[in-house]
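Below: the structure, in structure tokens.
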Amino acid sequence: MIRGIKGIKDIIPDEMPKWSVVERMAHALAHAFGFHEIRIPVFERTDLFVHSIGGSTDIVEKEMYTFPDKDGTSLTLRPEGTAGVVRAFIERGLKTYEASRKLYYIGPMFRHERPQAGRLRQFHQFGVEYVGTSDPSADVEVVTLLWRYFSALQLPGLSLELNSLGVLADRQAYKKDLVSFLKTKSDLLCGNCRRRLDVNPLRALDCKVPTCHEATNDAPFLTDFLSASSKEHFDRVLQGLQALAISYSLNPRLVRGLDYYSMTTFEVSCSALGAQNAIGGGGRYDGLFETLGGVPTPAVGFAIGLERVILALPESALPAPDPWVFVAAFGEKGRAAGNTLIDSLRSNHMKADTDYHASTLKTLLRSADRLNAPYVVIIGDDEVANNHVILRNMATKEQQIHPLDTASSAISERLGFRKHVET
RNA sequence: GUGGGUGUAGCUCAGUUGGUUAGAGCGCCGGAUUGUGGAUCCGGAGGUCGCGGGUUCAAUUCCCGUCACUCACCCCA
């Protein structure tokens, strides 16, 4: 037997109702906020990710699925979506299209990590990118969409944290100060943090090793190093969120794992999730376009892990299943009439199905019961002889007779009408 | 990459201090007066006990290895 790949899951039909809800809500809210869908390739040149995400990040250092093309070009399965969107934006000249200011995507991402609860090697993200404005209102809008999306799906135990990384000059001044501080505490730091003291000292701030946490207790805050304009930008973002009654907390330790972030960063965690509790996050990346060879263009976006959303999704977020009829047709004439009726119901956009394995009324009803059919149409030789069918409500056991020639439209109308009333 | 846990029926799991035909619940199939489902009762199908090797008269059970799944570290969504 040939097995699937570790950390790469099939999404089986049983799980699809949740996926449908989660994806439909993403499309619906993204559209409501004026974002337009973009579909970008699942693999790109490796350089794209190295230059955007950053060579010293974990993603690039050890988590990418990289392989040579036939001509030797190094290609990589996308570990995230922003790099590809920005590449497409620059390469295709999307700047000239009004719709391209606000983009969103849904699709699979790939990272070679050890799988665990809420972490897979192929996982799916819903992300948005608001391109071309540095107005703090854009930051607010993106965070608002993120928050409204989770609220609409009724996810429990959410908390939103924000931080500002400032502009590059702010961070450089801060890094200098932080490194000299950390060096005084280096005996407390874990090996990992000590190693990246020079390349990525900010990471020590959100290291979970207790001694590191202790060591960084009195560390200087990046917030204190923000320039006046950075600070003003961040304040306006926070005011915007307050005005919309979106509650958040400030986390000066919030450091994101991708190098391209600047200014506003944010993350939503979900207490219903377990160890991998980051369900969505993002921030501003004003320098990325330039890094990738485009004209300097400010932008802000987020990415949401859909598997994690599904793990936290309550049953109440699922819509009631559509009404449908199971056609219980038996006997020679009954089955023939049943097949015609099924086709006619389907032509009326009424979901109709049967079970050819069952041949008696008893087994047909049992099958209908197992399939959770709310209604069953009974049609045997007797019904055909009498020119009618029986419509049975499985929950109430109530049965009514419909003339055979108008049964399809009568049933479609009746159950279709119910559908509109219920939803 | 590192650590822990677990691999026995379709699913959830017992069990064998090494010993003949390996169990339960759920599910599935059939039946319990002929054309009315779920409940109950009766019957039935279904397992190389993850894989490989070792010890032994004998291994599903003990030992070693290996693979898979899983949780956690790390990191992120």
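Naming convention: chains lettered A, B, ... in sequence-line order (proteins, then strands); numbering from 1 in each chain. Just the heavy atoms: all of them, side chains too, but no hydrogens, waters or symmetry mates, feed the values below.
- In this structure, A:Lys6 reaches the B:rC69 phosphate: one of its side-chain N or O atoms is under 4.0 Å from OP1 or OP2.
- Taking OG1 of A:Thr66 as the reference point, atom CZ of A:Phe110 lies at 12.5 Å (rounded to 0.5 Å).
- Applying the Watson-Crick and G-U wobble criteria (two distances, each under 3.5 Å), B:rG7 pairs with B:rC67.
- In this structure, B:rU21 forms no base pair with any nucleotide, since neither Watson-Crick nor G-U wobble geometry is met with both distances under 3.5 Å.
- Closest-nucleotide positions on RNA chain B for A:Gly274 and A:Glu307 were compared, and the one nearer the 5' end corresponds to A:Gly274.
- Taking only side-chain nitrogens and oxygens, A:Lys9 comes nearer than 4.0 Å to OP1 or OP2 of B:rU70.
- The one candidate from A:Glu383, A:His402, A:Gln400 that meets the side chain to side chain contact (heavy atoms under 4.5 Å, CB included) condition with A:His388 is A:Glu383.
- Whole-Å rounding puts the A:Asp58 CG to B:rC74 P distance at 11 Å.
- Residue A:Phe302 is classed as having no contact, given no heavy-atom separation below 4.0 Å to the nucleic acid.
- For A:Glu332 and B:rG35, the CD to P distance is 16 Å, given to the nearest whole Å.
- The pair A:Arg346-A:Asp353 meets the salt-bridge criterion, with a side-chain N (NZ, NE, NH1 or NH2) lying under 4.0 Å from an Asp/Glu carboxylate O.
- Considering only side-chain atoms of A:Ala275, the nucleotide from B:rC74, B:rU36, B:rA72 that sits closest is B:rA72.
- Pairing partner, B:rA14: none, since no Watson-Crick or wobble contact has both distances short of 3.5 Å.
- Between the side chain of A:Arg111 and the base of B:rA77, at least one donor-acceptor pair of N or O atoms lies under 3.5 Å.
- Across the interface with RNA chain B, nearest-nucleotide mapping of A:Gly380 and A:Leu120 shows A:Gly380 to be the residue nearer the 5′ end.
- Using a 4.0 Å heavy-atom distance criterion, A:Ile310 is classed as making no nucleic acid contact.
- Between the side chain of A:Arg366 and the base of B:rC28, no donor-acceptor pair of N or O atoms lies under 3.5 Å.
- Counting to the nearest Å, the C1' atom of B:rU70 and the CG atom of A:Leu311 are 14 Å from each other.
- Here A:Phe330 does not pack flat against the base of B:rG35, since the 5.5 angstrom centre distance and 30 degree tilt limits are not both met.
- Using the Watson-Crick or G-U wobble rule with both distances under 3.5 Å, B:rU61 pairs with nothing in any strand shown.
- The ring of A:Tyr260 has its center closer than 6.0 angstrom to the ring center of A:Tyr285.
- With hydrogens and angles ignored, no donor-acceptor pair closer than 3.5 Å exists between the side chain of A:Glu61 and the base of B:rC75.
- The side chain of A:Leu365 lies closest to B:rU36, out of B:rU36, B:rG38, B:rG35.
- Counting non-hydrogen atoms under 4.0 angstrom, A:Ala117 reaches the backbone sugars and phosphates but no base.
- In this structure, A:Asp10 places its CG atom 12 Å from P of B:rC69, rounding to the nearest Å.
- When heavy atoms are screened at a 4.0 angstrom cut-off, A:Gln276 is found touching base atoms of the nucleic acid.
- Side-chain proximity of A:Gln125 to B:rC75, B:rG37, B:rA77: nearest is B:rA77.
- Separating the CG atom of A:Asp382 from the P atom of B:rU36 is a distance of 12 Å, rounded to the nearest angstrom.
- Regarding contacts with the backbone of B:rU36, every side-chain N or O of A:Lys362 stays at 4.0 angstrom or more from both OP1 and OP2.
- Residue A:Phe326 forms a side chain to side chain contact (heavy atoms under 4.5 Å, CB included) with just one option from A:Leu365, A:Asp369, A:Leu364, and that option is A:Leu364.
- Using a 4.0 Å heavy-atom cutoff across all strands shown, A:Gly331 reaches no nucleic acid atom at all.
- For A:Ala278, the listed nucleotide lying nearest its side chain is B:rA77; candidates were B:rG35, B:rC71, B:rA77.
- The phosphate of B:rC29 (OP1 or OP2) has a side-chain N or O of A:Arg370 nearer than 4.0 angstrom.
- Using C1' as the reference atom, B:rG15 and B:rG23 are 7 Å apart when rounded to the nearest Å.
- Regarding contacts with the backbone of B:rC73, a side-chain N or O of A:Gln116 is found under 4.0 angstrom from either OP1 or OP2.
- For A:Arg114 against B:rG1, a side-chain-to-base donor-acceptor contact under 3.5 Å is absent.
- Put simply, the side chain of A:Glu113 and the base of B:rG1 share no donor and acceptor less than 3.5 Å apart.
- For A:Phe89 and A:Phe289, the gap between ring centers is short of 6.0 Å.
- Across all strands shown, A:Ile378 has heavy atoms under 4.0 Å from base atoms, whether or not it also approaches the sugar-phosphate.
- Both distances falling under 3.5 Å, in either a Watson-Crick or a G-U wobble arrangement, place B:rG44 opposite B:rC28.
- Heavy-atom contacts from other residues, nucleotides or ligands closer than 6.0 Å to CD1 of A:Ile5 number 12 or fewer.
- Within the nucleic acid shown, A:Gln399 comes within 4.0 Å of at least one base atom, counting heavy atoms only.
- Nucleotide B:rG1 forms a Watson-Crick or G-U wobble pair with B:rC73, both donor-acceptor distances falling under 3.5 Å.
- Aromatic ring centres of A:Tyr65 and A:Phe43: separated by at least 6.0 Å.
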